[in-house]
Amino acid sequence: MFLTFRKHVEQLLAEALEKCQYPSNDLALTVKPGYADLTSLIAFKLAPVLKLKPQEIAQNVAEYLGADELVALAQTAGPYINFFVSNDYLRHTISTVLQADRNYGGIDAKGVVILEHTSANPNGPLHIGHIRNSVIGDTLKRCLQQAGYRVETQYYVNDMGRQIALVVWGIMNFALTEGKKSDHATADIYVKANAEVELHPTKLVEVRQLMQRFESGDQDVEWLFKDAVEFCLRGINQTLKNLHVAHDRFVWESEFLDDIDGIIAELRSHGVTECDGSTHVDLSPFGISKNLVVRRSDGTSVYATRDIAYHVWKAGRCNRMIDVLGADHRLTALQVGKVLELLSINAPEVVFFEFVSLPEGSMSTRRGHFISADEVLEKVTEKAYEEVDKRRPTLSEDEKRAIAQAVGIGATRYDMVRVSADKSMVFDWNEALDFERQGGPFLQYAHARATSILTKTTFDNQYEPDLLTDEYEVKLIKLCALFPAVIEDVTTNFSVSALAAYARELAEAFNQFYRFMPVLSAEPAMSRARLALVTCARIVLRNVLNCLGIEPVDSM
RNA sequence: GGGCCCGUGGCUUAGUCAGGAUAUAGCACCGGCCUUCUAAGCCGGUGGUCGAGGGUUCAAAUCCCUCCGGGUCCGCCA
């Protein structure tokens, strides 16, 4: 509803400006809670142009602004022009939410999105850095779907690099740890292989041979690689499932080997040069001084070229192509994007996120220095179980387990999107295990409270919305109205942390409403009106939680 | 050495792209609220020269320059 309001105000303002014969290319609308529902700073912008005082301009414009169905009041406050929503706006918000229900938050987005995320090398389990990628990616998927897009998520599987060759070589030389989850067992092998190779660099020859045999199409070696990758991926997939992350498709890098010649041929007319037998692309026209090698002098392919081929393939199958990548891929992504542009293909939209490190420093799968997602999930769920057990001792064991699971995953996922993606994070066990703050469980709690009220009565859809005039009620309705605008923001700016913040505000507003506005014990008419609002708030809370991949529990 | 990202109360953090009215929350700390729909909650309070210094502007956390601190990238690795 807020989007409608904003569009409406834009129109009113443009008309008023026209009547004043003022230019109207920038309406300078901003939202500043505490002052108004929407504010225009247009008077400031026009002051130097018109050589008039801002206050005067605001006054002149306001002459042509009046109240209507959506706008209760448009008034100046010095140079500011403030717009306030009407009762109709509030009424419409509630009815819209109740009617749209699960679809509330949709913004009529059309088309297919291919969203690549996680894509961790299958040489070990996902650690807490990888799942920042997974959670951001999966949250985007859910938001894009809520917006209306058809979304296909892809995991790009590196099945032929040096790292996988090392794993394969390790499997050939060391015994797999018995009884371990496959991805963890793979990491053990990988760590051993790295240590061994570091100690005896001559053994690298064997690893290199494996890579060459793979690329030359040696069936036996291909199977070894495939087995190793699938083995590790099974474990990774289990972790993702536990995190409520599901990929629609796993795309194997080696599938693009055949496309490389064609792509290099097509690049011939766009600044490709040969140098000592290898093939380079000159990206200096784009301000990248270093040439990008697209084929080695021994004729074998490089990762970058396969990645380009992958993106060419994706581009042909969707309207929007989005990648979620660690900030260390910034240069690579830029290079890939520029080469795609040379091929007349739009570069992907890339969402970067900064690193997650440990208090003692950065993580390294190679050295076995990392905290796995499995370990975090396990400990957090365990802690959540203690909390449930403490608060709800009468619940059955199954119920406690289920709630602990939902709360643990919710807390973990929320922590991953809470802070802006371009801020690096230091993982802290105390923080991860602390539920006494406005995190995932806080949101779930608000939802559980709303559900609790609704299970104690029936809502027959008969209500008088105009009774909802208290500040807590109005605040809650206004926040519900904002949800589609938040979805729009996430789908255009990928600001998942804004979604997290919105969820927190919504839950807070509901908790305030819950504290001060009795629902079941109110007068019948008031009770029905508040019941409508609880139903509405629960829908929005549930949809927000779904977008965050956090289970909206009915009880906790 | 060069590129990119970050630097906001003791700690974590919003706002920075599109400069405007009292700088956002949480944790911690202090004080209140459970005979009333789940206290994983609510209300109030203490605490900030927005890394430093210049500049642009009627107006700067936000834009420009310099510097400092932290991270990261700069492979015929993936």
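Convention: sequence-line order gives letters A, B, ...; per-chain numbering from 1.
Look at A:Gln512 and you'll find a side-chain N or O under 4.0 angstrom from OP1 or OP2 of B:C43. Close to B:U13, at under 4.0 Å from its OP1 or OP2, lies no side-chain N or O of A:Lys423.
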Side-chain polar contacts of residues 280-287 of chain A - donor-acceptor pairs under 3.5 angstrom, sequence neighbours left out - could you list them?
from, atom 1, to, atom 2, distance (Å)
A:His280, NE2, A:Ser278, OG, 2.9
A:Asp282, OD1, A:Ser284, N, 3.0
A:Asp282, OD1, A:Ser284, OG, 2.7
A:Asp282, OD2, A:Ser284, OG, 3.2

**Prompt:** Nucleotide by nucleotide, 5' to 3', does protein get under 4.0 Å of the base (B), only the sugar-phosphate (S), or neither (-) in nucleotides 69-78 of chain B, counting heavy atoms?
**Reply:** ---SSSSBSB

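For A:Ser495 and A:Asp489, the side-chain atoms include at least one donor-acceptor pair closer than 3.5 Å. Between the side chains of A:Gln212 and A:Thr300, no donor-acceptor pair is found at a separation under 3.5 Å.
By the side chain to side chain contact (heavy atoms under 4.5 Å, CB included) test, A:Asp307 pairs with A:Tyr156, A:Tyr303, A:Tyr310, A:His311, A:Val336, sequence neighbours left out. Looking at residues two or more places apart in sequence or on another chain, you find a salt bridge (charged side-chain N to carboxylate O under 4.0 Å, His left out) between A:Glu488 and A:Arg6. Considering only residues two or more places apart in sequence or on other chains, A:Lys478 meets the salt bridge (charged side-chain N to carboxylate O under 4.0 Å, His left out) condition with A:Asp37. In this view, A:Ala347 and A:Glu341 satisfy the side chain to side chain contact (heavy atoms under 4.5 Å, CB included) rule, not counting sequence neighbours. Residues satisfying the side chain to side chain contact (heavy atoms under 4.5 Å, CB included) criterion with A:Glu508, sequence neighbours excluded, are A:Gln438, A:Phe442, A:Gln512.
A:Ser289 comes within 4.0 angstrom of nothing in the nucleic acid, heavy atoms only.
Note: A:Phe513 and A:Phe510 have tilted aromatic rings, judged against thresholds of 30 and 60 degrees for the angle between ring planes. Ring geometry for A:Phe44 against A:Tyr80 counts as perpendicular: the plane angle is over 60°, on a 0 to 90° scale with 30° as the lower cut.
Applying the salt bridge (Lys or Arg N to Asp or Glu O under 4.0 Å) rule to pairs touching residues 405-419 of chain A yields A:Asp138-A:Arg413, A:Asp415-A:Arg418, A:Asp415-A:Arg437, sequence neighbours excluded. Listed by first and then second residue, the side-chain hydrogen bond (donor to acceptor under 3.5 Å, both in side chains) pairs involving residues 40-57 of chain A amount to none (not counting sequence neighbours).
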**Request:** Dot-bracket notation for RNA chain B is requested: 5' to 3', Watson-Crick or G-U wobble pairs only, both distances under 3.5 Å, with ( ), [ ], | and . as defined.
**Result:** (((((((..(((.......[....))).(((((.......))))).....(((((..]....))))))))))))....

Dump the pairs, protein N or O against N or O of nucleotides 17-19 of chain B, anything under 3.5 Å, distances to one decimal.
none

Taking only N/O atoms, report every protein-nucleotides 34-36 of chain B pair under 3.5 Å with atom names and distance.
none

